Amino acid sequence: MRLPGCESILSLPESIGGWGGLRVDAQISLRVDGEDRSIIVDTRTTLLDALRDRLGVTSPKKGCDHGQCGACTVLLDGRRAIICLAFAVAHDGAEITTAEGLAEGDALHPIQQAFLETDALQCGYCTPGQVCSAVGMLAEAERGAPSHVSDDLIGGIELNDDEIRERMSGNLCRCGAYVNIVAAIRRVAGAESAS
């Protein structure tokens with residue numbers, strides 16, 4: 001069965017499986033950590049499942065699968081995003097940077113290096129999401145985007161501990177490494193503001 005005008009991207013299989021619904025597949029293209037990738041996915045597939053199960057990109061983790069823990073955080077078109085609830089087909093053509101794609105060759109991203117230096121990880125499960133969220137958060141602050149605790153909604157953002165905690169509140173760490181995560185971000189934020 002074919003949908004008019006969608007022959008190249010959508011197809012309905014002859015045998016309908018699953019839980020009584022129609023399976024609709026779509027071909028999508030993604031740029032993941034600097035590499036162009038093309039896959040065919042069921043239109044119900046999340047971006048997280050497409051990355052992990054179809055492309056073998058295991059840096060983003062499946063934690064809660066409800067958009068609440070932040071373990072799946074990546075940079076999606078340059079902005080941090082939780083991808084366990086995002087449909088892959090809605091992001092056809094997107095650029096995705098995971099924690100694996102932040103380093104340049106053997107040189108770690110400053111946030112990755114700061115996480116190591118401040119011992120901002122314990123089990124490490126949430127760390128890729130924390131790292132991507134921290135990179136995205138620093139970019140948001142640099143653009144002047146206020147948070148709930150920002151004192152000045154128009155002027156520059158001072159990344160004090162309260163501001164960092166608020167901006168990172170969507171990323172949970174069951175091990176409780178929060179103090180060191182804040183220290184790692186503060187270290188990079190301080191280095192960026194000094195340059």
Side-chain angles (χ1 to χ4, degrees), residues 9-10 24-105 107-115 120-121 124-148 150 157 159 163-173 181 184-185 188-189 192:
I9 61 167
L10 298 176
V24 179
D25 289 337
Q27 181 171 343
I28 63 169
S29 296
L30 301 168
R31 184 165 182 81
V32 182
D33 294 334
E35 182 181 340
D36 291 323
R37 310 285 295 268
S38 181
I39 55 172
I40 295 174
V41 294
D42 180 327
T43 56
R44 298 169 292 186
T45 302
T46 66
L47 194 50
L48 176 61
D49 288 338
L51 288 176
R52 290 185 60 81
D53 300 340
R54 302 298 308 278
L55 296 175
V57 178
T58 58
S59 176
K61 303 294 189 255
K62 186 177 279 199
C64 66
D65 212 18
H66 292 289
Q68 298 174 348
C69 74
C72 65
T73 305
V74 299
L75 299 176
L76 180 61
D77 292 327
R79 294 179 180 259
R80 61 184 169 157
I82 296 170
I83 60 170
C84 66
L85 300 179
F87 287 119
V89 293
H91 298 286
D92 185 17
E95 182 167 347
I96 298 167
T97 304
T98 71
E100 293 175 41
L102 289 171
E104 293 187 24
L108 294 176
H109 186 280
I111 282 288
Q112 293 170 315
Q113 188 65 44
F115 265 62
L121 57 129
Y125 192 84
C126 73
T127 303
Q130 296 273 5
V131 165
C132 285
S133 190
V135 170
M137 180 272 286
L138 287 171
E140 291 166 12
E142 188 172 315
R143 286 192 307 271
S147 78
H148 179 69
S150 297
I157 304 296
L159 283 176
E163 190 76 41
I164 292 169
R165 284 187 195 102
E166 172 63 25
R167 290 174 183 267
M168 292 296 291
S169 64
N171 291 81
L172 303 179
C173 173
I181 291 169
I185 296 168
V188 174
E192 288 179 357

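Sequence positions, counted from 1, serve as the residue numbers for this chain. It should be emphasised that the depicted structure is a prediction, and the values quoted were computed from it without experimental measurement.
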[X]: what forms a side chain to side chain contact (heavy atoms under 4.5 Å, CB included) with it, not counting sequence neighbours?
X: His66; answer: Cys64, Gln68
X: Ala120; answer: Phe115, Thr118, Asn180, Ile181, Ala184
X: Ile39; answer: Ile28, Val41, Ala50, Arg54, Leu55
X: Thr46; answer: Leu48, Asp49

Between atom [atom1] of [X] and atom [atom2] of [Y], what is the distance when rounded to the nearest 0.5 Å?
X: Arg52; Y: Lys61; atom1: CZ; atom2: NZ; answer: 5.5 Å
X: Arg165; Y: Leu159; atom1: CZ; atom2: CG; answer: 12.5 Å
X: Ile157; Y: Ile164; atom1: CD1; atom2: CD1; answer: 12.0 Å

Heavy-atom pair with the smallest gap, counting every atom of [X] and [Y]:
X: Met168; Y: Ser133; value: SD-OG, 3.7 Å
X: Tyr125; Y: Ala71; value: CE2-CB, 4.4 Å
X: Gly129; Y: Thr73; value: O-CB, 3.6 Å
X: Ala26; Y: Thr43; value: CB-CG2, 4.1 Å
X: Pro110; Y: Val188; value: O-CG2, 3.5 Å

Min side-chain heavy-atom separation Leu138-Ile111 under 4.5 Å: yes

Residues Thr45, Asp53; criterion side chain to side chain contact (heavy atoms under 4.5 Å, CB included); working and verdict: CA-CA 10 Å; Thr45 302; Asp53 300 340; over 6 Å; no

Residue of the set Ile96, Val74, Leu51 for which side chain to side chain contact (heavy atoms under 4.5 Å, CB included) holds with Val57: Leu51

Side-chain donor or acceptor of Asp92 paired with backbone N/O of Ser29 under 3.5 Å: yes

Check: Ala99 main-chain N/O paired with Gln112 side-chain donor or acceptor under 3.5 Å: yes

Tell me every residue that passes side-chain hydrogen bond (donor to acceptor under 3.5 Å, both in side chains) with [X], counting only those two or more places apart in sequence or in another chain.
X: Arg167; value: Glu163
X: Glu166; value: none
X: Thr97; value: none
X: Thr98; value: Asp33

Of all pairs that satisfy salt bridge (Lys or Arg N to Asp or Glu O under 4.0 Å), the ones with a partner from residues 65-88, not counting sequence neighbours: Lys62-Asp65, Arg80-Glu140

